[in-house]
Structures are given as C-alpha cells and as structure tokens.
There are 2 protein chains.
Amino acid sequence: MATDERILDLAERLVQTRGFNGFSYADIAASLGVTKASLHYHFPAKAELGRSLIVRYESNFLAALAAIKAQGAVQRLKRYAGIYADVLRDGRMCLCGMLAAEYATLPKAMQKELKHFFEENERWLAQVLEEGRRSGELEFAGAPREVASFLVSSLEGAMMLARSHDQVSRFTSVARRLIEELST
Amino acid sequence: MATDERILDLAERLVQTRGFNGFSYADIAASLGVTKASLHYHFPAKAELGRSLIVRYESNFLAALAAIKAQGAVQRLKRYAGIYADVLRDGRMCLCGMLAAEYATLPKAMQKELKHFFEENERWLAQVLEEGRRSGELEFAGAPREVASFLVSSLEGAMMLARSHDQVSRFTSVARRLIEELST
DNA sequence: GTCTATAGGTGGATAGAC
DNA sequence: GTCTATCCACCTATAGAC
C-alpha cells in the first residue's frame, strides 16, 4: 500500500483513540518502522496531516452513506447508526466527534474541514428524514435539518460515553431509542 | 481567595475549553502571575491537579442538583438541562464531557473519578425519571437508568457540537426536544 | 509559599547525505 | 523516500535559596 495511506491509517486510529493532541509523529514512526523525518516528507506539518485526515474520512463516510440503498427511511437510519456502531466496536470514536471536542485547539484549516463534515453529514440525514416523513414512515416535529442535528449530536455523545465506559450497549441502546421515537 | 482554589478555577476553565492535554502549568502560571514551580507546591503533579478538578466539579454539580427543588419532574429536567446551558453560554464544555473524549490518555485516578461523576449524575436523573413516571407526568419505555444514560449522552454530545459550531441554539433545541419527548 | 535555576524528556520541524 | 543529526520550543517536575 502507498506510504501516504499507511500513515493516514495509523494517524486516523491514533486520533480516534487518543485525540489530535494525544499523539505525535513519533507514535506513527514507531508503528510504521521509519523515522520521524520520513513522515515529514509525506506530511510536512502536523496540521496538514490532520486536514488530510478529515478530508479522507469525510470522503469515505459520504461514500458509505451513498451506498445505503435500503428500502425505507427507518432501515436507512438503522444502517446509518450501524456505521457508528461498527467504528465503536473497533474501540474507536468517530474521528470528527473526537476532533469536535478538541475544536478550540485545532488549526484553522482543520476547523473548517470539520464543519464541512458535519454539514454534509446532516444534509444526508435531513434528506432521509424528509423523505421518510413525506411517505408517512417517520413522524417528527420541526424541520428535518433540526432533527438531523439532534441525531448527530446524540449519536456522537453516546459514542463518546460508550467508549469511555467500554460498553457498546450504551451506544446501541441510544441509537435504538432515537430511531424508535421517529418511527410511526 | 485561597490560592488552591484560584488554581483550580483557572485549570477548570482551561480543561473545559482546551482539554486536559491542551493546557500546561505555564498557562495557569501566566494567568495567576506566579511561576510554574509555585504551582507544583499546591499540586505536585498534573495528574493530581486533574483528579482534584473532577472531585470538586462533581461536588459542585451534585450540590446544584440537590438545590433543584422544582415542583414537577418536567421542571426539574428543565432546570437540569439549564445547568448545562449556562456552562455552554460561558463558552465552556462540561468538564467531564471534555475529559470523556480524552479518556484513553488520562491517568488511572482521573478515569476512576470520571466514572464516578457519571454514575452519580445518572443516579440523580434516574430518580427524577422514576418519580415522574410514577406520578404520570412522564412517559417512557424501559428502565429509568437507561433513559438517564440516554439523556446524559445526548446532552453532552449536543453541548460538544454546539460549542464547536458556536451556536448555543444547537444545544437548547436538543434539550427541548428530549424533554418534550418524555412529557405526557 | 514563592522564587531561580535546572534537569530530563518530548514536541514538531529542517538540513543535507545517501 | 529514507536516513542521521540537529534545532529550538515546550513540557512536567525537582532542588534549594529566600
């Protein structure tokens, strides 16, 4: 595999488990078996590595959403929550949920990409919600966009607490409850 | 005011805005107008400072909960969410929500105190939920304890995203929705 | 309690050889 | 692309004078 990708893979896991301020080039270098200096050839500054991390993550995430071709809105929401659950079962936090906590300390470029991730994430969700309500499969008050933001917030928070308690069930319980509440 | 308390005040704000790995003794020393060495007289190690931070925060938080003498369950829940909202309006994250994100990098002693905070927090909530359901003021499926964990997760997550978007309304909207859903 | 001074380590980052 | 060597800033922490 391309070295750039392997670096991103290791860095991604580190951010998801320890945060952007919780890892260093030394950590990646040790796992990869190269020197820190080599890493700077691929990603000159840590800020650039961080930005690339978000861009790639968003791209993969949106591709996963686009691949959800389930029949109904409820099924799509379950698949959506399932993506989070899979990450959690691997012992990780959502990359962007983790970065949201560290938001104030992040380089400007990373903050911008982060907002974009949530923007696109909620756009997809709002679309599913709107279609589901129109077809009568879902029921909720207010704008789809507001409910989308509600869902993202709750799932990210549940993921964070489930991970620190080492109980995936804390997440799945929340996800089930959220979707049930929207179903007619 | 006692120096210990002033140090804790400054450290608390720093953790709530930048995280435990996002500040140093130098930051506190600068704000307080003393040297880093002086801080070590009060809190020999950063891990001890962090532990004291959680202990004091939990103590103040539980005292605030105990002071909620509102008439009904719904009013109590609104006051509960209001505590979070006030912190957020001050530009801060919940201390323990922030630390939950950094959980994997925290000293063992801090991890233990953190779990205790959420334990007590959810215990209080579960009590309110149970009473509210018994009196018919609230309606929900499943164990009160499970709903309590759901509420904490969702509020912490909403707080985190509201802060990174610099939109308090993202939090208040979620809080309103959660409480409305429980009301009969 | 607070200071100066300093230790010992790690952080991100660069120059230049291979 | 990867290495050695190195820089400098910053980190947590301690010793010992005042």
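The chains referred to below are lettered A, B, ... by the order of the sequence lines, with proteins before strands, and numbering in each begins at 1. Note: hydrogens, waters and symmetry copies are ignored here, and every other heavy atom, side chains too, is used.
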Notebook entry, point to check: Do the rings of A/Y80 and A/W124 sit parallel, tilted or perpendicular, given the 30° and 60° boundaries?
Noted result: parallel
Notebook entry, point to check: Are side-chain N/O atoms of B/S149 and B/E122 paired as donor and acceptor at under 3.5 Å?
Noted result: no
Tabulate atom names and distances for all N/O pairs under 3.5 angstrom spanning the protein and nucleotides 3-7 of chain C.
residue	atom	partner	partner atom	Å
C/dC3	OP2	B/T35	N	2.8
C/dC3	OP2	B/T35	OG1	3.0
C/dC3	OP2	B/S38	OG	2.6

Notebook entry, point to check: Is it true that A/R133 and A/E139 make a salt bridge, defined as a side-chain N closer than 4.0 Å to a carboxylate O?
Noted result: no
Check: Less than 4.5 Å apart, any side-chain heavy atom of A/L65 and any of A/I83?
Finding: yes
Margin query: Whole angstroms only, please: what is the NE2-P distance between A/H40 and D/dT6?
Written below: 18 Å
Notebook entry, point to check: Please walk me through it: do A/L178 and A/F150 pass side-chain contact (heavy atoms from CB on, under 4.5 Å)?
Noted result: CA-CA 10 Å; A/L178 286 168; A/F150 167 61; 3.7 Å; yes
Note to self: Counting only heavy atoms from other residues, nucleotides and ligands, does the tally under 6.0 Å from CG of B/D166 exceed 12?
What the structure shows: no
Item checked: Candidates B/E156, B/R163, B/M159, B/Q16 - the one meeting side-chain contact (heavy atoms from CB on, under 4.5 Å) with B/M98 -> B/R163
Notebook entry, point to check: Considering only heavy atoms from C-beta outward, does the side chain of A/R89 approach that of A/T172 to under 4.5 Å?
Noted result: yes
Item checked: B/I7 CD1 to D/dT12 P, straight-line distance once rounded to whole Å -> 14 Å
Next item on the list: Assess B/K46 against B/F20: is NZ or CZ under 6.0 Å from the centre of the six-membered ring, and within 45 degrees of the ring's axis?
Entry: yes
Checklist line | Ion pair A/R134/A/E130, N-O distance below 4.0 Å | finding: yes
Margin query: Contact list please: residues 41-53 of chain B against DNA chain C, heavy atoms, distance less than 4.0 Å, in numerical order.
Written below: B/Y41, B/H42
Next item on the list: Taking only heavy atoms on the protein side, list every residue of residues 17-31 of chain A lying under 4.0 Å from any atom of DNA chain C, sorted numerically.
Entry: A/F23, A/S24, A/Y25, A/A26
